[in-house]
Amino acid sequence: MYLANEVTIFFKSALLGIGVGLLLDFFRILRKTIKHKDILVIIQDSIFSMLTFLYIFFIIYIVNDGQIRLYILLGIILSNIIYFLSISKFIINFFSSILSIFKKPFVNYSKKNKEFEKNT
């Protein structure tokens, strides 16, 4: 029964690794669709690091009573690698194109507004 519990925790940690990959892709999509200055990139990286730490800490605390085991770290790392090698590019391209569609009206409005201000 104990081995079955460890296998379950390993698969939960694999899901955790995929969640971390999705969180990183969220920040990568924001950077791809909206240009940022260096200071904003630093702030985003800091937010990502804090959120990732808290996410991993709370999940490990809930799932395994805060005990860090090698198979948990392997589950997180391996699933994260598999995620980035398999579907990460698709996720980024898909959501970037959706955000670009929603971004176009705002960019067009901004350009028209600048032209109007320049002409007046």
Side-chain angles (χ1 to χ4, degrees):
M1 203 58 185
Y2 187 70
L3 181 62
N5 188 34
E6 289 180 346
V7 170
T8 302
I9 292 171
F10 175 79
F11 284 115
K12 287 180 181 179
S13 66
L15 290 175
L16 175 62
I18 293 170
V20 170
L22 286 168
L23 183 62
L24 179 60
D25 279 350
F26 170 76
F27 283 101
R28 291 170 69 191
I29 291 166
L30 283 178
R31 286 188 191 151
K32 187 175 181 180
T33 56
I34 302 169
K35 300 298 177 200
H36 294 90
K37 294 185 179 185
D38 290 341
I39 188 70
L40 288 176
V41 172
I42 293 170
I43 292 170
Q44 283 181 348
D45 286 346
S46 300
I47 291 171
F48 170 76
S49 298
M50 287 186 283
L51 288 176
T52 301
F53 170 77
L54 290 173
Y55 181 57
I56 290 173
F57 175 79
F58 284 123
I59 295 299
I60 289 176
Y61 184 78
I62 291 168
V63 169
N64 204 32
D65 296 327
Q67 298 177 6
I68 299 174
R69 303 280 186 212
L70 181 62
Y71 61 88
I72 293 174
L73 297 176
L74 285 174
I76 294 170
I77 293 168
L78 290 175
S79 65
N80 203 279
I81 290 170
I82 292 169
Y83 170 79
F84 283 112
L85 292 176
S86 61
I87 62 171
S88 177
K89 288 181 184 178
F90 170 76
I91 297 284
I92 290 174
N93 290 334
F94 178 74
F95 285 107
S96 293
S97 62
I98 288 175
L99 280 177
S100 295
I101 291 170
F102 287 110
K103 183 179 143 182
K104 281 183 183 179
F106 295 108
V107 171
N108 290 337
Y109 174 77
S110 177
K111 286 180 183 177
K112 288 180 183 179
N113 195 21
K114 286 180 184 178
E115 289 176 13
F116 177 75
E117 288 176 358
K118 191 184 338 178
N119 291 333
T120 56

Pairs touching residues 57-66 that satisfy side chain to side chain donor-acceptor pair (under 3.5 Å), sequence neighbours left out: none

Using the rule that Ile, Leu, Val, Met, Phe, Trp and Tyr join whenever any side-chain heavy atoms are under 4.5 Å apart, tell me whether Ile81 and Ile56 fall into a single cluster. no

Which distance, rounded to the nearest 0.5 Å, do you find between the CD1 of Ile82 and the CD1 of Ile18? 8.0 Å

Do you reckon Leu30 sits in the same ILVMFWY cluster as Ile47, going by side-chain contacts under 4.5 Å, direct or chained? yes

Between CD1 of Ile91 and CG of Leu24, what distance do you get to the nearest 0.5 Å? 12.5 Å

List, by chain and then residue number, the residues other than Phe57 in its hydrophobic cluster (Ile/Leu/Val/Met/Phe/Trp/Tyr, side-chain heavy atoms under 4.5 Å); write none if there are no others. Phe53, Leu54, Phe58

Across all chains, not counting sequence neighbours, the side chain to side chain donor-acceptor pair (under 3.5 Å) partners of Lys89 are none

Is there any salt bridge (charged side-chain N to carboxylate O under 4.0 Å, His left out) pair reaching into residues 11-23, and which pairs are they, with sequence neighbours excluded? none

How does the hydrophobic cluster around Val41 look, that is, which other residues are in it when side-chain heavy atoms under 4.5 Å mark a link? none

Counterpart residues, salt bridge (Lys or Arg N to Asp or Glu O under 4.0 Å), relative to Arg31 (two or more places apart): Asp45

Count I, L, V, M, F, W, Y as connected when their side-chain heavy atoms are under 4.5 Å apart, and connections chain through other members. Are Leu22 and Leu15 then in the same cluster? no

Check side-chain contact (heavy atoms from CB on, under 4.5 Å) between Ile92 and all other residues, then give those that pass, not counting sequence neighbours. Asp25, Arg28, Ile29, Lys32, Ser88, Ser96

Locate the shortest heavy-atom distance separating Ser79 from Ser13; write the atom from each residue and the value. OG-O, 4.1 Å

Can you run down the ring pair (Phe, Tyr, Trp, His ring centres under 6.0 Å) pairs that involve residues 5-34, sequence neighbours left out, and say none if there aren't any? Phe27-Phe48

Donor-acceptor pairs under 3.5 Å, side chain of residues 67-78 to any protein atom, not counting sequence neighbours: which ones?
{"unit_1": "Gln67", "atom_1": "OE1", "unit_2": "Arg69", "atom_2": "NH2", "d": "2.8"}

